[in-house]
Protein chains: 2
Amino acid sequence: MPRKPIKNSKGGRKTVHAYHHGDLRRALVDQGTKLVQEQGHPSITVREVARRTGVTHTAAHYHFRTREALLAAIATRGFEEMTASLESAMRAATGARSRLALLGEAYVRHALRRGRLYQLMFSAETATRDAHPELRVASDRMFALLVDAIRDGQETGLVRGGPPVDAALVAWSAAHGFASLSLERRLMLPGLQGRENDELAAIVLRGAFEGIAIA
Amino acid sequence: MPRKPIKNSKGGRKTVHAYHHGDLRRALVDQGTKLVQEQGHPSITVREVARRTGVTHTAAHYHFRTREALLAAIATRGFEEMTASLESAMRAATGARSRLALLGEAYVRHALRRGRLYQLMFSAETATRDAHPELRVASDRMFALLVDAIRDGQETGLVRGGPPVDAALVAWSAAHGFASLSLERRLMLPGLQGRENDELAAIVLRGAFEGIAIA
DNA sequence: ACCTGAACACCGTTCAAGT
DNA sequence: ACCTGAACACCGTTCAAGT
């Protein structure tokens, strides 16, 4: 595999092997993210990521001691991007109610759009999170967004009292559960088959908010 | 496919030809199920399953053309067992309300108890279900249980009207989402940390039923 | 510090061959 | 029909060595 000569940003006279001059790590995460989105993390290999980046696989191992560490780095960035995406969606809010609605919709939409990357983010394979503190930080930050929006809702008299985390857990479970089931193709069931994802997502989000019981 | 290299735990397993006499297939699923529950499906290998069963790995390939087919068979049995477990739990019901409550509790409890097997059942790796019709049948049957319980609830005036599948989807999303997050160790968050799974499960199930909004 | 090349043990899958 | 043994092309990880 031929390396494409790239201009050295700090001078431009030297042709350098590839992007990697202090940034091979980032390049690997870039290519890894692409690969995950194409094929899903179970079939991702360190060797293929290295190949696509134009380096030997041992070079990749220099930056990521294990395959899991590489996946964790990819997942971490995924959480950061998702957090940014949710924050951006909520900026259009006019009040606590629309904040919650926008957040829920944005969550499911982003999850489904990212698909395999979202699945990696919540995969048990990256779940030895004690070994990957940045991953924990990134996912904690995303959950905090949820809790904040719920707290807002409580203060506006929209959401029941009690610890905000409790209500956040309900909403999160519903949104994550729906996204997971959809991505795992478990929604191909009689009565659900063929219906739009947006319609089903709305039903689930409304259900978590209003409940399925008769008041 | 990428598998973590596993140290050959116990040197040479003795070949016990007596085991398989027309039922090697079943024996492989038995051992495979055990292995999944011990280590999780990502690190399961056809070769190790065969080793534990006392046959060559090519014998396993005779019964399961691919690794995915073996995993699908394991997942199928998992669904059948879970369906039976849910049915059994509901037999203690005294009415539609307790039926729903028992079903929800049993679902989450079974999922958490089976852990890695449940994760396999809902893994995208076995999601090429068109290729594994028994898997589809088994999982459809489990979902049908949910829908039936919801329909019962509607007829008793407990659950809102509309298509029963819609309300079932809400409850399923919440239950599955909570189980998944718990199994993926994503509940180690400020405010949730250290609380009992049973308590959190009850919150989620009640939330799906009654909603988080103020009536 | 950063990357290469060779080596090791393991894997999924295929194929010819035995019973 | 059912299973074995050998072979192939992959893989994650480690190590000595180069720059």
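Per chain, numbering begins at 1; letters A, B, ... match sequence-line order.
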Exercise. Could you state the NE2-P distance from B/H63 to D/dC2, rounded to the nearest angstrom?
Worked result: 6 Å
Problem set entry | Of A/R47 and A/R25, the one whose closest DNA chain C nucleotide lies more 5' | A/R25
Exercise. Could you give the CD-to-P distance, from B/E48 to C/dG12, as a whole number of Å?
Worked result: 10 Å
Exercise. Got a donor-acceptor contact below 3.5 angstrom from the B/T76 side chain to the B/A72 backbone?
Worked result: yes
Exercise. Atom CG of B/D23 to atom P of D/dC2: distance rounded to whole Å?
Worked result: 11 Å
For this session: In whole angstrom, give the distance that lies between atom NE2 of A/H61 and atom P of C/dA6.
Result: 18 Å
Exercise. Judged by modelled atom types alone, do B/R116 and B/Q39 share a side-chain donor-acceptor pair under 3.5 Å?
Worked result: no
Exercise. With under 30° as parallel and over 60° as perpendicular, where do the rings of B/Y118 and B/Y107 fit, or are they tilted in between?
Worked result: perpendicular
Exercise. If you write DNA chain C from 5' to 3' in dot-bracket form, with Watson-Crick or G-U pairs under 3.5 Å, [ ] for crossing pairs and | for pairs with another strand, what do you get?
Worked result: ||.|||||...|||||.||
Exercise. Considering the options B/I203, B/L205, B/L187, which one meets the side-chain contact (heavy atoms from CB on, under 4.5 Å) requirement together with B/F178?
Worked result: B/L187
For this session: Mind calculating the distance between CZ (B/R67) and P (D/dC10) to the nearest angstrom?
Result: 18 Å
Seminar exercise, completed: A/R65 CZ to C/dA1 P, in whole Å, measures 15 Å
Exercise. Going by atom types only, do A/E68 and A/H132 share a side-chain donor-acceptor pair under 3.5 Å?
Worked result: yes
For this session: In whole angstrom, give the distance that lies between atom CG of A/L70 and atom P of D/dT13.
Result: 10 Å
For this session: Report which part of the nucleic acid B/H57 touches: base, sugar-phosphate, or nothing (heavy-atom distance under 4.0 Å, all strands).
Result: base
Exercise. Within the pair B/Y62 and D/dC3, is there a side-chain N or O less than 4.0 Å away from OP1 or OP2?
Worked result: no
Problem set entry | D/dC10 phosphate, OP1 or OP2, under 4.0 Å from A/R51 side-chain N/O | no
For this session: Would you mind checking if A/D166 and B/R195 are paired as a salt bridge, meaning a charged N to carboxylate O distance below 4.0 Å?
Result: yes
For this session: Please confirm whether the backbone N or O of B/Q119 pairs with a side-chain atom of B/S123, one donor and one acceptor, at under 3.5 Å?
Result: no
Exercise. Tell me: NE2 of B/H41 to P of C/dG12, nearest whole Å?
Worked result: 14 Å
For this session: Would you indicate, yes or no, if D/dT4 has its OP1 or OP2 atom less than 4.0 angstrom from a side-chain nitrogen or oxygen of B/T58?
Result: no
